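Notes to accompany the following structure.
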Amino acid sequence: MENLPKGLASSNAGRIAQKLGAISAGRVLDVGTGRGGFISTLIKTLKAYDSFVGIDYCPSDESKKDMESARKRFEGKPVQFLQMNAQNLEFEDESFDTVCISHSLHHLANIDRVMTEMKRVLRNSGNFILREMYGDGEQTEAQRVDELEHAWEARIDALLGITHNRTLTRQRIRNIVYGLKLTEIEIFDSTHIVDCLFCERTHECEDPRNQATFHQSTKDVDNAIKRIENHPDLEARTRLIQEGEKIKEAIAEFGASNASHLFVIGEK
Ligand SMILES: C[S@@+](CC[C@H](N)C(=O)[O-])C[C@H]1O[C@@H](n2cnc3c(N)ncnc32)[C@H](O)[C@@H]1O
């Protein structure tokens, strides 16, 4: 991990990677898997694994397509994707060696219920891994733009009838974790995700106003606008589209960077 840019080197991404690199994860369940992004992260960082099951309740046509493309992306690997509600996991008690959930807590309609289900299907002494961005604390201007975009997208989801809450505070995430009564808990607070360590564009990304981030973040806003462009509530739709344009201006002015997050590793 030499020659890392300053921001990434001083983050906890390296320590998180080191910790993951000591885990033989066995059969892994990824809850709220989306496009399977966290599975990719774990494949790159874990010491070993046997297989993954990624589940998502796929509340929209886009999310169903995301699961389809995830299936194609992981073809030939021991990775399976299932449409399932995490509130009622269709698995036996203690049937996984590791359970994980990334950036999904604030998408859940009933966090306690999902945590209980995840713990139920985890074997004794199995690994519980949680990653969740937070909305409070010291964040750079570019991170605040990301948070703004996130809060706006949450309102778009709400208009479409999809649960998406504001990002949680660090204390709320910690309380959820302590409520799990895990052992050997370690909580890392990091500005950078572990994936940054494998990015070929680390130096570029240290400048939040770099062209690649600008184009991607602007595209994300445009894609979110497309999701509501035919919505029957004209007033709500118009307001959200106008706010989306303002967010694009903020991206151009300040750039955008991932919000900081807590990364939790514990054992049942
Ligand atoms: C922001 S995405 C996280 C994607 C991925 N885990 C990552 O880190 O990139 C949150 C996901 O949680 C899913 N989700 C929300 N509630 C769920 C539930 N009750 N059961 C299963 N998935 C759920 C959403 O459909 C969405 O795909």
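Quick caveat: nothing in here was measured; it's all calculated off a predicted structure. Start at 1 and go down the list; that is how both ligands and their atoms are numbered. Residue numbers run from 1 in the order of the sequence given.
- Considering both main-chain and side-chain atoms, A86 comes within under 3.5 Å of ligand 1 through a nitrogen or oxygen pair.
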Stepwise side chain to side chain contact (heavy atoms under 4.5 Å, CB included) check, I173 with L130: CA-CA 10 Å; I173 300 169; L130 181 150; 4.1 Å; yes
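- Counting heavy atoms closer than 4.0 Å to ligand 1, residue V114 contributes nothing at all.
- Remark: R131 fails to qualify as a cation-pi partner of F263 under the 6.0 Å distance and 45° angle criteria applied to the six-membered ring.
- The aromatic rings of H103 and H261 lie perpendicular to each other, with more than 60° between the two planes, well past the 30° mark.
- Taking a cutoff of 4.0 Å between a charged side-chain nitrogen and a carboxylate oxygen, E245 and K248 qualify as a salt bridge.
- Contact annotation: for S63 versus ligand 1, there are no heavy atoms closer than 4.0 Å.
- For atom 8 (O) of ligand 1, the nearest non-hydrogen atom of the protein is S102 OG, 2.6 Å.
- Annotation: atom 23 (C) of ligand 1 to nearest protein heavy atom, Y57 CD2, 3.3 Å.
- Salt bridge annotation for E117-R120: present, with a cationic side-chain nitrogen under 4.0 angstrom from a carboxylate oxygen.
- Listed by number with element, the atoms of ligand 1 under 4.0 Å from a non-hydrogen atom of G34 are 27 (O).
- Using a 4.0 Å cut-off between a side-chain N of Lys or Arg and a carboxylate O of Asp or Glu, E68 and R71 qualify as a salt bridge.
- Heavy-atom contacts of H107 reach the following atoms of ligand 1: 1 (C), 10 (C), 15 (C), 16 (N) (cutoff under 4.0 Å).
- Short contacts between ligand 1 and M84, defined as distances under 4.0 Å to a heavy atom of the residue, involve ligand atoms 20 (N), 21 (C).
- The closest protein non-hydrogen atom to atom 19 (N) of ligand 1 is N85 OD1, 2.8 Å.
- G32 O, 3.4 Å is the protein heavy atom nearest to atom 4 (C) of ligand 1.
- Checking T33 against D56 by side-chain atom types alone, no donor-acceptor pair falls below 3.5 Å.
- In this pair, H164 and H106 present their aromatic rings tilted. The plane angle is within the 30 to 60° band.
- The shortest N or O to N or O distance between Q87 and ligand 1 is not under 3.5 Å.
- Between F81 and F74, the distance from one ring center to the other falls under 6.0 angstrom.
- D56 OD1, 2.6 Å is the protein heavy atom nearest to atom 25 (O) of ligand 1.
- Protein heavy atom nearest atom 10 (C) of ligand 1, with residue, atom name and distance: S104 OG, 3.2 Å.
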